Number of protein chains: 2
Amino acid sequence: MVESVKNLSEKLSERGIRPSYQRIKVLEYLVQNRCHPTVDQIFNHLIKEIPTLSKSTIYNTVNLFIESDLLKPIGIEDNEVRYDIDTSDHGHFKCESCGKIFDFAIDIENLTTEDLKGFRINDKSVYFKGICPECLKNKKDNKKI
Amino acid sequence: MVESVKNLSEKLSERGIRPSYQRIKVLEYLVQNRCHPTVDQIFNHLIKEIPTLSKSTIYNTVNLFIESDLLKPIGIEDNEVRYDIDTSDHGHFKCESCGKIFDFAIDIENLTTEDLKGFRINDKSVYFKGICPECLKNKKDNKKI
DNA sequence: TATATATTTGTAATCATTACAAAAACGATA
DNA sequence: TATCGTTTTTGTAATGATTACAAATATATA
Ligand SMILES: [Mn+2]
Ligand SMILES: [Mn+2]
Ligand SMILES: [Zn+2]
Ligand SMILES: [Zn+2]
């Protein structure tokens, strides 16, 4: 389950990315924390291990990973970008109460329309917003009081 | 086809929004320019008619309209928000070459998934990116040279 | 008209992201 | 291993969209 540093390093090399210490650590974090983190979350976690780390490095790295199709930016938030190491097709649900982002399966491939005949489609995103079951439950509980 | 100022004013009043001169002008612009404009585009157009206009007023107004479900923010861009006066369900395609945003019909209602059982879904967005037919044509033409 | 309330305006603050140059790390080569 | 050129990292400054806020202005009510 846990991917070794060697595997992570190889994964980067395969894509023509030199496996620096910082890059491996960022990739390791992304693989182990599949919560669609922000740059800040990645930075604040890794600074504990790498005291000299710069936030610029996180920005450089995630942008490099995106260039290489190793990472996908999730634009579901208004103010900051989140990142998804799972680049396979799936939808994202954001709970407007707790802020958590959930994956869900959806047939994006077959999501098509007559109106886009003649368009070249490179990327499809599906974003839902609402309230997650846990937050719905908490609301109900509060009402009881 | 052209909605009168009276109609626009009434539309605002219906929603409990006091129809100030600036608000009517912003709504008029949105109704007549269905290009999913940015705050800057709205401002730069209306400043010609209203020399004292402030960009703050545009921000205030679009946010007020969004609160009242009169306007929908489109988060397809990374850096700035666009606004859509057409609040009916439809998808958005952004051409990565010319930047234009196209509407397309899609059955968002029936866009559903087992994974979100127990979630309350308030909003669904479908964003596609790629190259529009005109830009594809221009590319081909350039290759011929 | 006078007064209270709502709206607009201008400016400052915020904050995520990018730009950029200096410092550090790396890699090849002799 | 020492050297030299290249890549990466780092720190700081700049950018730019959006929000905060208070003063000015407009509007409604009495
Ligand atoms: Mn995901
Ligand atoms: Mn639209
Ligand atoms: Zn929640
Ligand atoms: Zn185009």
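Chain identifiers are assigned alphabetically (A, B, ...) following the order of the sequence lines, protein sequences preceding nucleic acid strands; residue numbering begins at 1 within each chain. Since this is a predicted model, take the numbers as computed values, not measurements.
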Whole angstrom value for the distance that separates [atom2] of [N] from [atom1] of [X]:
X: A/I66; N: C/dT17; atom1: CD1; atom2: C1'; result: 12 Å
X: B/I50; N: C/dT9; atom1: CD1; atom2: C1'; result: 13 Å
X: A/Y59; N: C/dT17; atom1: OH; atom2: P; result: 4 Å
X: B/L46; N: C/dT8; atom1: CG; atom2: P; result: 12 Å
X: A/Y83; N: C/dA16; atom1: OH; atom2: P; result: 12 Å
X: B/N63; N: C/dT7; atom1: CG; atom2: C1'; result: 15 Å
X: A/I42; N: C/dT17; atom1: CD1; atom2: P; result: 10 Å

Does any non-hydrogen side-chain atom of B/E77 lie less than 4.5 Å from one of B/T38?
no
For residues A/K55 and A/D40, determine if any side-chain heavy atom of one lies less than 4.5 Å from a side-chain heavy atom of the other.
yes
When all nucleic acid strands are considered with a 4.0 Å heavy-atom cut-off, which category describes [X]: base, sugar-phosphate, or nothing?
X: B/D40; result: nothing
X: A/S20; result: sugar-phosphate
X: A/T52; result: sugar-phosphate
X: A/D78; result: nothing

At under 4.0 Å, does any side-chain N or O of B/N79 touch on OP1 or OP2 of C/dT17?
no
Could you work out, with side-chain hydrogen bond (donor to acceptor under 3.5 Å, both in side chains) as the rule, every residue matching B/R23, not counting sequence neighbours?
none
Do A/I50 and A/L27 share a hydrophobic cluster (ILVMFWY, side-chain heavy atoms under 4.5 Å, transitive)?
yes
With hydrophobic residues grouped by side-chain heavy-atom distances under 4.5 Å, do A/V62 and A/I74 end up in a single group?
no
List every contact pair, protein side and nucleotides 23-28 of chain C side both N or O, where the distance is under 3.5 Å.
none

First and last nucleotide of DNA chain D in contact with chain A, 5' to 3', at under 4.0 Å to a heavy atom: what are they?
D/dT7 to D/dT12
Could you tell me whether the side chains of A/D115 and B/H90 share a donor-acceptor contact shorter than 3.5 Å?
no
Check: A/F104 ring centre within less than 6.0 Å of B/F119 ring centre:
no
Would you please indicate yes or no on a ring centroid separation below 6.0 angstrom for A/Y83 and A/F65?
no
Working to the nearest 0.5 angstrom, can you tell me the gap between A/I58 CD1 and A/N44 CG?
9.5 Å
